[in-house]
Amino acid sequence: SFINFLYDFDLDHWGISYQQGESFSDYWSRVKSSNAFNDNNEDFAFYDLTTEGCRKLNNRGRQAYPNTYYFGYATEQTYPFWSVGFFNPEWIQ
């Protein structure tokens with residue numbers, strides 16, 4: 001169906017894909033309960049961009065190039081929207 005196509009999260013590499021005849025609700029339940037999204041999983045880019053993830057990558061000793069170190073930092077590029085508790089992104093970053 002269109003809704004299944006629209007919300008396919010392309011998680012085949014995690015072993016999560018739509019099953020023939022599966023409802024979106026059932027698919028979403030499988031996505032949420034997957035090991036891919038548990039708190040102990042370190043095998044995804046978001047974790048690699050954390051301070052701890054960068055430290056672990058740097059300590060592995062397998063760097064793409066000698067003397068290359070990986071780091072990440074968080075930033076915010078938004079502004080308050082009319083003091084109503086919402087924030088809008090800056091158009092030019």
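Throughout, residue positions are numbered sequentially from 1 according to the sequence presented.
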Query raised in the report: With a 4.5 Å limit on heavy-atom distance, are the side chains of Trp14 and Val31 in contact?
Result: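 No. Closest side-chain heavy atoms not under 4.5 Å.
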Query raised in the report: Going from OG1 on Thr50 to NZ on Lys56, what distance comes out if it is rounded to the nearest 0.5 angstrom?
Result: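 Rounded to the nearest 0.5 Å, the OG1-NZ separation comes to 8.5 Å.
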Query raised in the report: Which residues satisfy the side chain to side chain donor-acceptor pair (under 3.5 Å) test with Ser29, sequence neighbours excluded?
Result: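 By the side chain to side chain donor-acceptor pair (under 3.5 Å) rule, Ser29 matches no residue at all.
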Query raised in the report: Residues two or more places apart in sequence or in another chain: which of them pass side chain to side chain contact (heavy atoms under 4.5 Å, CB included) with Ser17?
Result: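 If we apply the side chain to side chain contact (heavy atoms under 4.5 Å, CB included) test to Ser17, skipping adjacent residues, the hits are Asp12, Gln19.
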